[in-house]
Structure formats: C-alpha cells, structure tokens
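In what follows, a structure is listed as structure tokens, so that the remarks can point back to it.
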2 protein chains.
Amino acid sequence: MPGTPSTVDALVQLSFTVQLTLTRIAAENDLSVTQLRLLGILRDRTPSMAAIAEHLDLDRSSVSGLIDRAERRGLVERVRSETDARVILVRATPEGLAVAESVGTDVGTRLERMLASARPTDLAAIVRLADALPQFPV
Amino acid sequence: MPGTPSTVDALVQLSFTVQLTLTRIAAENDLSVTQLRLLGILRDRTPSMAAIAEHLDLDRSSVSGLIDRAERRGLVERVRSETDARVILVRATPEGLAVAESVGTDVGTRLERMLASARPTDLAAIVRLADALPQFPV
DNA sequence: TATTGTTATACTCTATAACTATA
DNA sequence: TATAGTTATAGAGTATAACAATA
C-alpha cells in the first residue's frame with residue numbers, strides 16, 4: 001500500500017511540524033521564515049536577485065521588497081555586478097552571517113531533539129526520500 | 001548516526017517540497033495555504049473561533065480576519081452557539097465543502113504522484129515518524 | 001528585442017493593544 | 001474576574017502591471 005492516504009497525511013503533518021519549528025525559531029530571532037531561507041542561501045553564495053527569486057520560487061518584485069527589508073536591518077547588502085551592469089548581487093553582511101550561523105545551529109538542535117526518539121532506520125528512510133524526490137514538485 | 005545534519009537537512013528539504021506543492025494547489029484554487037488548512041479542518045468539524053486559533057497556532061485576531069475573508073467568499077459561515085452566547089462556531093458552506101473535497105483530492109493525487117518512485121518501506125517509515133513525533137514541536 | 005531590477009498598487013496574513021459582551 | 005470575539009493599527013509577504021536601464 002504505497003501511496004495511500006495515510007502516507008500522504010503523515011507527510012503533510014510532518015511538513016507542518018517542521019514548518020512550525022522554523023516559524024518559531026524565526027520569530028525568536030525577529031525574522032520571518034522567508035528571511036530565514038534567504039540567510040540560509042547567503043551562507044555560501046552571493047547570488048543575483050533573479051537567482052534568489054528562482055531559489056525561493058518568488059516573483060522578482062517580491063524579492064526586491066525582501067532584500068529592501070533585510071538591507072534596512074543590516075543583514076545583507078546589494079553589490080553591483082562588474083560583468084553585467086543590469087545585475088545586482090546580494091551578499092550577507094558580517095552581522096547577517098552571524099545570524100545565519102546562529103539560526104542554523106538552532107534549527108539543527110531543535111530538529112535533532114525532535115528526532116531523538118525516532119528509530120535510526122526511519123531517519124535513514126527520510127534521507128533516501130529527500131534524495132529521491134524532486135525538490136521542485138510537479 | 002541518528003540526528004545528524006544530513007537527516008535534519010533532508011527533513012527540512014522534504015518539508016519545503018510539500019509546502020511548495022500545497023502553495024501551488026492553493027494558488028490554483030485562488031486560496032492561501034492558511035485557507036486550505038482552514039477548509040481541511042472544517043471538513044469534519046464545526047469548531048469555535050478559539051478552537052481554530054489553537055489548531056492553526058494563530059492569534060484570535062488573526063482568525064477573525066481569516067474567517068472574514070472566507071465568509072466574504074462564501075466558503076464558511078458564522079453560527080452562534082446555543083449554549084454559550086460568547087461563542088461563535090464556524091461551519092463550511094456547501095460550496096466550501098465542495099472546494100475542500102476537490103482540493104483534498106488534488107493534494108492526495110499530487111503527493112502520491114510525487115511519492116510514486118519511493119520505496120514502500122521508506123513510506124512506512126514516514127508514517128511511523130509522523131506518529132511518533134510531537135505534532136506541536138518543543 | 002530580451003533581460004534585470006524597481007516601483008506602484010492591492011491583497012492576504014499576522015500580531016499587539018484596546019475594546020465589548022457574556023459567563 | 002475571566003473568557004470569547006472584534007476592531008484598529010502596523011508591518012511582512014506576495015503578485016500583477018508598468019517602467020527604466022542595460023545587453
């Protein structure tokens with residue numbers, strides 16, 4: 001009984017539990033989940049506005065506002081591309097990086113604690129599933 | 001290697017994939033994810049405003065607005081409780097129920113399709129995990 | 001012409017604080 | 001006093017449409 005209702009229900013429930021954890025950690029740091037995701041991206045990249053939009057599956061106009069607010073808070077900065085004058089690159093500030101590190105550690109700690117009682121073989125299944133599934137749904 | 005980074009990463013990624021699916025299905029039906037969840041709750045219940053707030057982990061004032069908008073669109077209706085004059089119960093209209101059914105089927109279909117290539121034993125693990133984990137995180 | 005990013009606008013979602021009505 | 005719900009307000013997030021600058 002592979003793709004049964006109970007499987008789908010479990011997946012949705014699991015997803016909301018994770019999202020609620022992320023929402024709370026974000027709120028504790030005065031951030032939204034979207035800002036959290038943004039900082040996660042900027043930990044190891046300096047992407048263009050367009051690349052961020054694609055990554056977050058948002059319209060470019062939404063990203064403009066997102067970066068405006070993050071910039072106003074000193075978390076990121078806009079940098080002109082030197083090879084294409086149309087392009088704006090977004091880079092985390094030192095403070096932004098510090099917040100990203102701290103929040104990332106927090107997420108790890110909280111979710112690991114949540115998983116503490118689970119069977120190791122079930123956790124291995126999660127990793128296999130995430131690898132097998134398309135990151136962007138059809 | 002139970003609660004390792006890779007496990008946490010997989011869980012977060014899985015969660016965002018599911019959320020993206022839900023967001024898209026909601027958008028196709030001109031709904032938000034929150035309205036989707038609301039309709040899901042009202043499929044088999046007629047809860048009070050306070051009960052909805054608890055279920056969705058929202059402030060009561062947020063639920064007031066949520067129900068305002070759903071009511072304006074003819075999806076739900078407010079009903080006075082007959083046992084406590086302070087309480088307002090929320091009931092899905094026939095149209096709201098129809099939308100809830102349709103969307104519910106859609107979610108099932110899309111997620112099952114997404115899971116089609118997964119191993120049955122991994123899906124069983126998902127169900128066990130969802131059962132074992134606290135629905136409301138610590 | 002096509003692409004990148006912004007702005008104007010409008011809406012949903014959310015919380016805090018102050019309020020009314022009922023228990 | 002305590003609880004249920006609403007309103008006013010403020011801000012974040014999001015999309016669509018129209019725009020300017022650059023390729």
Side-chain angles (χ1 to χ4, degrees), chain A residues 16 19-20 22-41 46-91 99, chain B residues 16 19-20 22-41 46-91 99:
Chain A
F16 276 116
Q19 290 295 315
L20 188 49
L22 295 179
T23 302
R24 288 186 179 174
I25 292 174
E28 287 163 14
N29 290 273
D30 253 303
L31 296 170
S32 67
V33 172
T34 306
Q35 301 275 356
L36 210 77
R37 297 181 70 189
L38 173 65
L39 289 179
I41 292 172
T46 302
S48 68
M49 299 291 287
I52 293 174
E54 189 177 6
H55 227 87
L56 297 179
D57 195 42
L58 294 177
D59 189 87
R60 294 180 190 185
S61 64
S62 304
V63 175
S64 276
L66 186 68
I67 301 302
D68 281 349
R69 292 184 292 272
E71 200 170 26
R72 209 179 303 139
R73 298 181 50 175
L75 299 173
V76 309
E77 56 190 359
R78 284 173 162 96
V79 186
R80 305 212 64 86
S81 163
E82 296 185 352
T83 60
D84 186 334
R86 295 173 302 181
V87 170
I88 301 278
L89 305 176
V90 180
R91 182 166 55 199
V99 173
Chain B
F16 276 117
Q19 291 294 316
L20 187 51
L22 295 180
T23 302
R24 288 186 178 174
I25 291 175
E28 288 164 14
N29 289 272
D30 253 303
L31 296 169
S32 67
V33 172
T34 308
Q35 301 275 354
L36 210 78
R37 297 181 72 189
L38 172 66
L39 289 179
I41 292 171
T46 302
S48 68
M49 299 290 287
I52 293 174
E54 190 177 5
H55 228 89
L56 298 179
D57 195 43
L58 294 176
D59 191 86
R60 293 180 191 186
S61 63
S62 303
V63 176
S64 278
L66 187 68
I67 301 302
D68 282 348
R69 292 183 292 272
E71 200 169 26
R72 209 180 303 138
R73 298 181 50 175
L75 298 173
V76 309
E77 56 190 359
R78 283 173 161 96
V79 186
R80 301 212 68 84
S81 163
E82 296 184 351
T83 60
D84 187 334
R86 295 172 301 179
V87 171
I88 301 277
L89 305 176
V90 179
R91 183 166 54 199
V99 173

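The shown structure was predicted, so the numbers you read here are calculated from the model rather than taken from an experiment. Order of the sequence lines fixes the chain letters, A, B, ..., with proteins taken first and strands second; residue numbering starts at 1 for each chain.
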In whole angstroms, how far is the [atom2] atom of [N] from the [atom1] atom of [X]?
X	N	atom1	atom2	result
Asp57(A)	dA15(D)	CG	C1'	12 Å
Ile52(A)	dT6(C)	CD1	P	10 Å
Met49(A)	dT22(D)	CE	P	17 Å
Leu58(B)	dT6(D)	CG	P	14 Å
Glu54(A)	dT3(C)	CD	P	13 Å
Arg60(B)	dT3(D)	CZ	P	9 Å

- Are the side chain of Asn29(A) and the backbone of Ile25(A) linked by a donor-acceptor contact shorter than 3.5 Å?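 Flag set: sc Asn29(A) to bb Ile25(A) pair under 3.5 Å.
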- Message: Among dG5(C), dA4(D), dT16(C), which nucleotide has an atom closest to any side-chain atom of Asp59(B)?
- Response: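 Minimum distance to the Asp59(B) side chain belongs to dT16(C).
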Considering residues at least two apart in sequence or located in another chain, which fulfil the side-chain hydrogen bond (donor to acceptor under 3.5 Å, both in side chains) criterion with [X]?
X	value
Ser61(A)	Asp59(A)
Arg78(A)	Asp68(A), Glu71(A)
Gln19(B)	Ser15(A)
Arg91(B)	Glu77(B)

- Task: Using side chain to side chain contact (heavy atoms under 4.5 Å, CB included) as the criterion, list what pairs up with Ala50(A), not counting sequence neighbours.
- Result: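 Checked Ala50(A) against side chain to side chain contact (heavy atoms under 4.5 Å, CB included); matches are Ser48(A), Arg60(A).
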- Message: Listing request: all salt bridge (charged side-chain N to carboxylate O under 4.0 Å, His left out) pairs with a residue in residues 25-41 of chain A, at least two apart in sequence or in separate chains.
- Response: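 Only Glu28(A)-Arg110(A) qualify under salt bridge (charged side-chain N to carboxylate O under 4.0 Å, His left out).
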Kindly list each side-chain donor-acceptor pair under 3.5 angstrom involving residues 82-89 of chain B, sequence neighbours excluded, with atom names and distances?
from     : atom 1 : to       : atom 2 : distance (Å)
Thr83(B) : OG1    : Ser81(B) : OG     : 3.3
Asp84(B) : OD1    : Arg86(B) : N      : 3.0
Asp84(B) : OD1    : Arg86(B) : NE     : 3.2
Asp84(B) : OD2    : Arg86(B) : NH2    : 3.0

- Query: Contacts to DNA chain C from residues 61-81 of chain A, heavy-atom cutoff under 4.0 Å, which residues?
  - Reply: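 Result for residues 61-81 of chain A: Ser61(A), Ser64(A), Arg78(A), sorted by number.
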- Stretch residues 82-89 of chain A: residues that reach within less than 4.0 Å of DNA chain D through a heavy atom: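 Asp84(A), Ala85(A), Arg86(A), in order of number.
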